[in-house]
Amino acid sequence: MHKTIVIEPMTEGFILWRCLHGGPLSKNTINVLPKNKGDEWEAHRVTNIPLLKKIIKTYGTCAILARDGDQIVGFLRFYPKILYSMKEAGTLCLQQAFPTGPSKRLVDKNFPSLDDIHDRTLKVHCLMTGSPFQEENPYQRKGIGTRMARELMHWAKEKGWGRIETTANEDLGILYANTGQAGRRFWEKLGFQVVKTGAESRFQGDFLKKLHKQAVAHNLNPEDVHNQYTMHIDL
Ligand SMILES: CC(C)(COP(=O)(O)OP(=O)(O)OC[C@H]1O[C@@H](n2cnc3c(N)ncnc32)[C@H](O)[C@@H]1OP(=O)(O)O)[C@@H](O)C(=O)NCCC(=O)NCCS
């Protein structure tokens with residue numbers, strides 16, 4: 001099955017304006033909004049579609065998609081690093097309201113063309129294969145995430161970007177399954193190197209307890225689960 005999956009940059013032909021938490025999405029299902037969170041979904045839709053279209057027009061794309069027939073089963077989102085410095089961008093999470101997600105005013109900002117950008121760095125925002133809430137996920141650990149990352153590297157080099165930056169955590173299954181980021185090993189296999197080790201503050205409560213347990217089972221110092229690695233590759 002996974003060999004027939006097509007990996008391709010997102011185009012205006014299909015705007016993946018939300019994530020795959022509920023399972024794969026297609027042209028027929030992307031606008032069928034989940035019942036939870038009421039009007040919030042519509043607010044994200046109205047903010048994200050014009051924003052993603054403008055980014056695609058300016059830079060070519062901002063996501064690599066994995067497609068199984070007409071179903072999108074994976075994505076890797078990334079943005080020019082310069083966009084993160086705009087206060088209207090929040091942290092650019094498309095499923096959160098500002099200031100975590102983008103403000104609806106971001107689309108009105110001037111996005112410099114690649115020729116006018118001094119720091120030609122792309123930043124990986126998040127990646128996902130299949131749905132984290134499916135009991136069995138037929139799309140994970142089949143090399144699809146790696147294929148999307150390779151496509152990003154190829155696309156970025158061709159366009160003239162100089163560097164790709166990402167953040168990663170330790171290589172524990174529970175972190176791969178929950179954070180929207182891949183582990184350090186995933187990126188090292190692609191040639192990325194750690195350039196900074198910082199502290200992750202978002203793991204708390206029961207999740208943190210489970211994390212500590214899994215770390216011990218993997219002979220890892222439980223304190224290391226808080227490591228957040230900044231990694232990059234020069235193209
Ligand atoms: C991060 C993610 C995209 C990785 O994609 P993937 O297609 O499963 O990864 P790949 O098959 O290309 O894996 C490449 C390498 O990464 C590492 N890796 C991947 N998944 C791993 C896991 N669960 N545990 C440990 N290492 C893992 C391995 O080194 C693997 O190589 P191997 O299979 O030869 O050992 C995927 O785990 C994912 O979608 N996670 C869910 C994220 C999510 O939905 N979060 C919800 C909050 S937003």
Side-chain angles (χ1 to χ4, degrees), residues 1-8 10 16-25 34 36-37 40-41 44 48 63-68 71-79 90-97 100-102 123-154 164-194 200 202-208 210-211 213-220 224-225 227-229 231 233:
M1 165 271 293
H2 59 276
K3 291 208 170 64
T4 61
I5 287 173
V6 176
I7 307 292
E8 58 196 4
M10 181 169 75
L16 187 74
W17 63 266
R18 60 186 176 107
C19 303
L20 303 177
H21 294 96
L25 290 170
N36 66 334
K37 296 198 196 168
E40 269 183 47
W41 284 101
H44 295 324
N48 295 347
I64 303 296
L65 303 183
R67 184 169 55 76
D68 191 3
Q71 303 282 323
I72 300 302
V73 300
F75 66 80
L76 188 167
R77 294 195 195 278
F78 60 93
Y79 302 102
T91 66
L92 275 169
C93 174
L94 297 183
Q95 294 218 180
Q96 304 277 337
T100 310
K123 207 167 153 184
V124 173
H125 189 270
C126 57
L127 68 167
M128 192 182 279
T129 47
S131 160
F133 299 143
Q134 279 173 285
E135 277 210 352
E136 280 195 21
N137 189 326
Y139 298 107
Q140 277 175 16
R141 208 76 188 251
K142 300 280 186 353
I144 297 172
T146 299
R147 286 176 63 198
M148 293 193 295
R150 282 199 197 288
E151 176 62 22
L152 166 61
M153 290 158 68
H154 171 75
I164 301 173
E165 188 178 294
T166 190
T167 49
N169 301 117
E170 293 295 345
D171 278 270
L172 295 172
I174 188 171
L175 291 173
Y176 274 88
N178 286 281
T179 59
Q181 296 180 333
R184 172 180 170 164
R185 192 76 197 104
F186 175 97
W187 294 108
E188 279 174 345
K189 284 179 174 174
L190 288 155
F192 283 66
Q193 291 185 330
V194 173
E200 180 81 76
R202 60 185 165 149
F203 306 146
Q204 289 168 359
D206 283 348
F207 182 74
L208 186 57
K210 283 188 201 157
L211 199 47
K213 223 168 146 184
Q214 203 171 97
V216 171
H218 282 77
N219 292 325
L220 193 74
D224 285 349
V225 301
N227 288 345
Q228 189 195 57
Y229 301 108
M231 305 180 73
I233 188 166

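Counting starts at 1 for both ligands and their atoms, in listed order.
Looking at L172 next to ligand 1, no N or O pair under 3.5 Å apart turns up. Between G145 and ligand 1, a contact under 3.5 Å exists for at least one N or O pair. Inclusion of H21 in the set of residues having an N or O under 3.5 Å from an N or O of ligand 1 is not warranted. Ligand 1 has a nitrogen or oxygen under 3.5 angstrom from a nitrogen or oxygen of T129.
In the candidate list Y176, W187, F186, Y176 is nearest to atom 27 (C) of ligand 1, counting heavy atoms. Which of K189, R185, Q214, Q95 comes nearest to atom 28 (C) of ligand 1 through a heavy atom is settled by distance: it is K189. For the residues A182, A177, G183, the heavy atom positioned nearest atom 43 (C) of ligand 1 is part of A177. The closest heavy-atom contact to atom 21 (C) of ligand 1, among the options R141, Q140, M148, comes from R141.
Contact between L190 and M153 at its shortest, heavy atoms only, is O-CE, 3.5 Å. Pairing each heavy atom of I144 with each of Y139, the nearest pair is CD1-O, 3.4 Å. Nearest heavy atom pair, residue G74 against residue M148, reads C-SD, 3.7 Å.
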> Could you go step by step and tell me if R77 and L16 meet the side-chain contact (heavy atoms from CB on, under 4.5 Å) rule?
Replying inline: CA-CA 10 Å; R77 294 195 195 278; L16 187 74; 3.8 Å; yes
> How far apart are the C-alpha atoms of Q95 and R18, what are their side-chain angles, what is the distance that settles it, and do they pass the side-chain contact (heavy atoms from CB on, under 4.5 Å) test?
Replying inline: CA-CA 6 Å; Q95 294 218 180; R18 60 186 176 107; 3.3 Å; yes
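F78 places none of its side-chain heavy atoms less than 4.5 Å from the side chain of L92.
Counted by atom type alone, Y176 and D171 present one or more donor-acceptor pairs between their side chains at under 3.5 Å. At a cut-off of 3.5 Å, with distance as the only test, no side-chain donor of Q181 or T166 sits close to an acceptor on the other residue.
Below 4.0 Å from some heavy atom of G143 lie the following atoms of ligand 1, by number and element: 10 (P), 11 (O), 12 (O). For ligand 1, the atoms lying closer than 4.0 Å to a non-hydrogen atom of K142 are 11 (O).
Counting heavy atoms under 4.0 Å from ligand 1, residue N178 touches it through the backbone alone.
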